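Since the model is a prediction, treat every value here as computed from it, not as a measurement.
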2 protein chains.
Amino acid sequence: MPQKKSDLLQGTLDLLLLKTIAPGPMHGYGIAQRILLTSKEVLQVQQGSLYPALHRLERKGLITSKWKESESGRMAKYYSLTAAGKKQFSTELEHWRRYATAISLVLEA
Amino acid sequence: MPQKKSDLLQGTLDLLLLKTIAPGPMHGYGIAQRILLTSKEVLQVQQGSLYPALHRLERKGLITSKWKESESGRMAKYYSLTAAGKKQFSTELEHWRRYATAISLVLEA
DNA sequence: CTACACGTGTCGCTAAACTATATATGTAGA
DNA sequence: TCTACATATATAGTTTAGCGACACGTGTAG
C-alpha cells in the first residue's frame with residue numbers, strides 16, 4: 001500500500017517523468033502508474049502534480065504530445081521526449097546523483 | 001569550488017540541519033560551514049534559507065537556542081536538538097532513505 | 001582605510017506540489 | 001438498475017520552501 005504522505009521532493013518529479021517517457025510514448029495516467037509500480041508503491045504522483053508538470057515540460061519544449069487511442073480503447077495524450085528533453089534528462093540525472101551523494105555524505109558522516 | 005546553482009531539494013534542508021546539530025550545540029553560521037565541508041563543497045546553504053529554517057525548527061520545538069560566545073570570541077546563537085527534534089530527525093532520515101531508494105529504482109530501471 | 005571573515009536577520013519573489021474538484025466513459029458486481 | 005471503480009485529463013486555489021538581495025554589526029589583516 002502506498003504511503004499516505006508521499007510528498008515528492010521538489011525538482012525530482014520532472015526527472016521521474018522524463019525517465020519514464022524515455023523508452024517510448026506514454027500517456028499521463030500510464031506514467032503515474034508506471035512510477036508507482038517501479039518504485040514499489042512508494043512514489044505516488046498526484047494528478048494535481050502530474051498534469052501541470054506535463055504541461056510545464058511541454059511548454060519548455062522538452063516533450064511533445066499527440067492524442068491517440070490507448071490500450072483500453074479511450075483517447076489519451078501520448079507524450080514523447082524531444083531532443084532537448086533527452087539532453088535535459090541527462091543533465092538532471094547528473095544533478096540528482098551529485099546531490100544525493102552529497103546528502104549521503106552529510107547524513108552518514 | 002561550490003557550484004553556482006546549488007538548489008537544495010525542498011524538504012531536505014531540515015534533515016541536514018537536524019543531523020548537523022545532533023552531535024552537539026552549533027550556531028547557524030557554523031552549521032552552514034560544516035554542511036559545505038562534509039558535502040565536499042556541493043551543498044551550500046544560503047542565509048536566506050538557513051535562518052528562516054532554523055527559526056521554523058525552533059518554533060516547532062525541534063531545536064532550542066542559547067546565546068553564547070563562539071570560538072572567535074563573538075556572540076552567536078547556539079542551537080541544540082530537543083527530544084522531539086531527535087525523534088523528528090530519525091523519522092525524516094527514514095523518509096529520506098525510503099524516498100531516495102524509490103527514486104533510484106525508477107531511475108535505474 | 002579597505003577588504004574580508006564572522007555572524008544574524010528580513011523582505012519579497014518564484015515556483016513547485018498538494019487538495020479538492022470537475023468532467024467523461026466503460027465495466028463489473030450486487 | 002444502480003453503484004462503485006478504473007481509466008483519463010484538467011484546473012483553481014492554497015501553502016510553503018528556498019532563493020536573491022539586502023541590512024546590520026564586529027574584529028582583524030593588509
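- Residue B:Tyr51 has its side chain nearest to C:dG7 when only D:dA8, C:dG7, D:dG18 are considered.
- Here the P atom of nucleotide C:dG26 and the OH atom of A:Tyr29 are 16 Å apart, to the nearest Å.
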Take A:Ser65 and A:Glu58 through the test side chain to side chain donor-acceptor pair (under 3.5 Å) and record every step on the way to the result.
CA-CA 8 Å; A:Ser65 64; A:Glu58 192 172 18; 2.7 Å; yes
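- Distances from the side chain of A:Arg74 to the nucleotides D:dA6, D:dT26, C:dA17 place D:dA6 closest.
- Comparing B:Leu50 and B:Gln10 by the nucleotide of DNA chain C that holds the closest heavy atom to each, the one mapping nearer the 5' end is B:Leu50.
- When the C1' atom of C:dC6 is taken as reference, atom OH of B:Tyr78 falls 11 Å away, rounded to whole Å.
- Looking at every heavy atom in both residues, A:Gly61 comes nearest to A:Thr82 through O-OG1, 2.7 Å.
- The residue among A:Ser70 and A:Ser49 whose nearest nucleotide of DNA chain D is located toward the 5' end is A:Ser70.
- Summarising the geometry, the separation between CG on A:Leu37 and C1' on D:dA6 is reported as 16 Å, rounded to the nearest angstrom.
- When heavy atoms are screened at a 4.0 angstrom cut-off, B:Gly48 is found touching base atoms of the nucleic acid.
- The residue B:Gly30 sits apart from the nucleic acid: no heavy atom pair falls under 4.0 Å.
- Contact annotation: B:His55 side-chain N/O to C:dT8 OP1/OP2 distance is not under 4.0 Å.
- A:Gly73 comes within contact range of no nucleotide atom at all, as no heavy-atom separation falls under 4.0 Å.
- The cationic atom of A:Lys68 (NZ for Lys, CZ for Arg) lies less than 6.0 Å from the six-membered ring centre of A:Tyr78 and within 45° of the ring axis.
- If you take CZ of A:Arg56 and C1' of D:dT11, they are 14 Å apart, rounded to a whole angstrom.
- Considering only heavy atoms from C-beta on, B:Tyr99 comes within 4.5 Å of A:Leu43 through its side chain.
- To the nearest angstrom, C1' of C:dT19 lies 10 Å from CD of A:Gln47.
- Between B:Trp67 atom CH2 and C:dC6 atom C1' the separation is 12 Å, expressed in whole Å.
- The CD-P distance, from A:Gln33 to D:dA8, rounds to 7 Å in whole Å.
- Protein atom CG of B:Leu17 is 12 Å distant from nucleotide atom P of D:dA17, rounded to whole Å.
- Of the charged side-chain nitrogens involved, none lies within less than 4.0 Å of a carboxylate oxygen, so that A:Arg98 and A:Glu92 do not count as a salt-bridged pair.
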